[in-house]
Amino acid sequence: MDVPEAADACARVVDEVGGAVVADREFLERVTLGILARGHVLLEDVPGTGKTLSARSFATALGLEFSRVQFTPDLLPADVTGTNVFDERDGSFAFSPGPIFANVVLADEINRAPPKTQAALLEAMEEGQVTVDGETHDLPSPFYVIATQNPVESEGAFPLPEAQLDRFTIKTSIGYPDEDGELELLRRRAGRVEQSPSVDRVLDPDSVTALREVPESVRVDDDLLRYAASLARATREDRRVEAGVSPRGTQRLFETARAAAVIAGREFVTPDDVKRVAEPTLAHRLVLTPDAAVNDVDERDVIADVLDRIAVPTVDAPEA
């Protein structure tokens, strides 16, 4: 699959999901960025805005096996990863896979579970495998986590630790629809019997695997590499930030910028690609100082200020 074919595939997936989910195209493309960049996506918003519907719709449009885990305060790590079950017939233990063994895993309301259970996802998200009783089990490929969380002010929520947040390539939100969007939501509901809209399959697992390899062929000039590194380093020097973007975050910025170029149908990255993905890729990785937190400083504002301060390189489009 080449870049134009990949761009067309992404557009068809976004169009199909957009027929079920009333959301800005920017939101849908941000979720697609996570898929292309071989990462994971965290959706944060109030209940009822379509987070779960979005995850399920993307899985269906991609033609991938889907699994949903409802995170609750009493959920155990083994409930996610699976466990060894004793077989009385031959006196042996056999591994019983948990719901994480799927191509697309929806970790619904992940901040409802205690940190120990949240951490059960760490190895899976980073390594594509889980370890149970000392035995390692590979997860299906492709493997992609879409986690949802309600705002941490909600009762009974456990804020995600920084190590867990850093595993998510993209963090974004749907937000409330505008008046026209809400009217469209009602019109769509009036036109069908089922409460939830349906989505048709657009791709298949092999196509998704090929699609996720396309960004590796996208060109990134040295000036843009330096620009991305400068943005990450600037977050560590901001007086409002206690812990800035990690080297892992710098690499994710590089990967999502390439994915943004693919969605745009280009074989090279521009500064606008880097700027476009900086906020959803980097903001959730910042740890603010106590003073900044008390003053309600928004991590997204820090990223915006960094983008304003760092000089943008001039990159010429390569000749055809």
Side-chain angles (χ1 to χ4, degrees), residues 24 26-27 30 33-34 39-47 49 51 71 73 107 109-119 121-122 125-126 147-176 225-257 271-272 274-313:
D24 293 338
E26 180 184 31
F27 163 77
R30 283 183 173 183
L33 278 176
H40 311 283
V41 172
L42 177 62
L43 307 180
E44 182 180 63
D45 226 320
V46 295
T49 51
K51 301 185 298 296
F71 279 66
E109 295 187 304
I110 188 174
N111 60 330
R112 293 293 183 192
K116 184 177 182 179
T117 303
Q118 293 174 6
L121 285 176
L122 284 177
M125 293 171 64
E126 191 68 18
T148 72
Q149 70 171 6
N150 297 329
V152 294
E153 295 82 14
S154 298
E155 183 179 354
F158 297 84
L160 293 180
E162 288 78 9
Q164 181 86 18
L165 282 172
D166 204 34
R167 259 62 174 195
F168 288 100
T169 298
I170 295 286
K171 179 185 177 185
T172 187
S173 62
I174 304 175
Y176 289 115
L225 296 178
R226 190 178 303 277
Y227 179 54
S230 297
L231 292 176
R233 294 179 67 83
T235 65
R236 303 167 197 161
E237 299 167 358
D238 193 291
R239 59 180 176 79
R240 298 165 292 182
V241 176
E242 186 172 286
V245 173
S246 67
R248 179 190 288 118
T250 309
Q251 181 173 312
R252 298 297 175 263
L253 178 62
F254 166 76
E255 293 166 349
T256 55
D272 284 342
V274 178
K275 295 174 71 173
R276 188 179 305 115
V277 302
E279 183 258 302
T281 305
L282 302 181
H284 63 284
R285 305 175 192 276
L286 303 182
V287 180
L288 300 178
T289 64
D291 287 344
V294 168
N295 292 323
D296 293 326
V297 172
D298 194 312
E299 293 91 343
R300 293 171 296 181
D301 292 335
V302 175
I303 298 299
D305 292 343
V306 167
L307 289 171
D308 287 340
R309 291 201 307 267
I310 303 299
V312 179

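None of these values were measured; they are calculated from a predicted model. Side chains are part of it too, since the values below use all heavy atoms of this structure and drop only hydrogens, waters and symmetry mates.
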Engineer: Is there a donor-acceptor contact under 3.5 Å from the side chain of H284 to the main chain of F168?
Structural biologist: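 Side chain of H284 to backbone of F168, a donor-acceptor pair under 3.5 Å: yes, one is there.
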Engineer: Go through it in stages, so that I can follow the logic: the residues are T148 and I110, the test is side chain to side chain contact (heavy atoms under 4.5 Å, CB included), and I'd like the CA-CA distance, side-chain angles, deciding distance and then a yes or no.
Structural biologist: CA-CA 6 Å; T148 72; I110 188 174; over 6 Å; no
Engineer: Identify the two heavy atoms, one from A278 and one from L253, that lie closest to each other, and give their separation to 0.1 Å.
Structural biologist: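 Heavy atoms only, the tightest pair is CA-CD1, 3.9 Å.
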Engineer: Which heavy atom in P271 sits nearest to a heavy atom in P313, and how many Å separate them?
Structural biologist: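 Result for this residue pair: CG-O, 3.3 Å.
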Engineer: Taking all atoms of both residues into account, what is the closest heavy-atom pair of A229 and T250, and its distance?
Structural biologist: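 Result for this residue pair: CA-CG2, 4.1 Å.
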Engineer: Go through R240 and D305 one step at a time and tell me if the side chain to side chain contact (heavy atoms under 4.5 Å, CB included) criterion holds.
Structural biologist: CA-CA 11 Å; R240 298 165 292 182; D305 292 343; 3.0 Å; yes
Engineer: Roughly how far, to the nearest 0.5 Å, is NZ of K171 from CG of L165?
Structural biologist: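 The NZ atom of K171 is 6.5 Å from CG of L165, to the nearest 0.5 Å.
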Engineer: Return the CZ to CZ distance between R167 and R285, rounded to the nearest 0.5 Å.
Structural biologist: 10.0 Å
Engineer: Determine the minimum heavy-atom distance between I310 and A234, stating which atoms define it.
Structural biologist: CD1-CB, 4.0 Å
Engineer: For atom CZ of R248, decide whether the heavy atoms of other residues, nucleotides or ligands shown that lie under 6.0 angstrom number more than 12.
Structural biologist: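 Yes, because the 6.0 Å sphere around CZ of R248 holds more than 12 heavy atoms from other groups.
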Engineer: Just how far is it from atom CD of E279 to atom CD1 of I303, taken to the nearest 0.5 Å?
Structural biologist: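 Interatomic distance, E279 CD to I303 CD1, rounded to 0.5 Å: 8.0 Å.
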Engineer: Does D45 offer a backbone N or O that forms a donor-acceptor pair with the side chain of K51 under 3.5 Å?
Structural biologist: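 Here the side-chain-to-backbone pair exists.
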Engineer: Holding to salt bridge (charged side-chain N to carboxylate O under 4.0 Å, His left out), I want the full list of residues that pass it with E26, two or more places apart in sequence or in another chain.
Structural biologist: R30
Engineer: Return the CZ to CG distance between R252 and L282, rounded to the nearest 0.5 Å.
Structural biologist: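 Going from the CZ atom of R252 to the CG atom of L282 covers 12.0 Å.
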Engineer: Sub-3.5 Å donor-acceptor pair from the side chain of T235 to the main-chain atoms of V245, do we have one?
Structural biologist: yes
Engineer: Check whether any side-chain heavy atom of L121 sits under 4.5 Å from a side-chain heavy atom of H40, and report yes or no.
Structural biologist: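 No, side chains not in contact.
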Engineer: Do other residues, nucleotides or ligands put more than 12 heavy atoms under 6.0 Å from R300 CZ?
Structural biologist: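 12 or below, so no.
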Engineer: Counting only N and O atoms by type, is there a donor-acceptor contact under 3.5 Å from the side chain of Q118 to the main-chain atoms of A113?
Structural biologist: yes
Engineer: Which heavy atom of A257 sits nearest a heavy atom of V274, and at what distance?
Structural biologist: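 Smallest interatomic distance, heavy atoms only, reads CB-CG2, 4.0 Å.
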Engineer: Could you pull out the closest heavy-atom pair between F27 and S173, with the gap in Å?
Structural biologist: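 Where F27 meets S173 most closely, the heavy atoms are CD1-O, 3.5 Å.
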Engineer: So, does T281 use its side chain to make a donor-acceptor pair with the main chain of I170 at under 3.5 Å?
Structural biologist: no
Engineer: Are the side chains of D238 and R309 in touch, meaning some heavy atoms are under 4.5 Å apart?
Structural biologist: yes
Engineer: Just how far is it from atom CG of D166 to atom CD of E126, taken to the nearest 0.5 Å?
Structural biologist: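 That separation rounds to 8.5 Å.
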Engineer: To the nearest 0.5 angstrom, please state how far the CD atom of E44 sits from the CD1 atom of I174.
Structural biologist: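 Those atoms lie 12.0 Å apart.
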Engineer: Check whether any side-chain heavy atom of T169 sits under 4.5 Å from a side-chain heavy atom of V41, and report yes or no.
Structural biologist: no
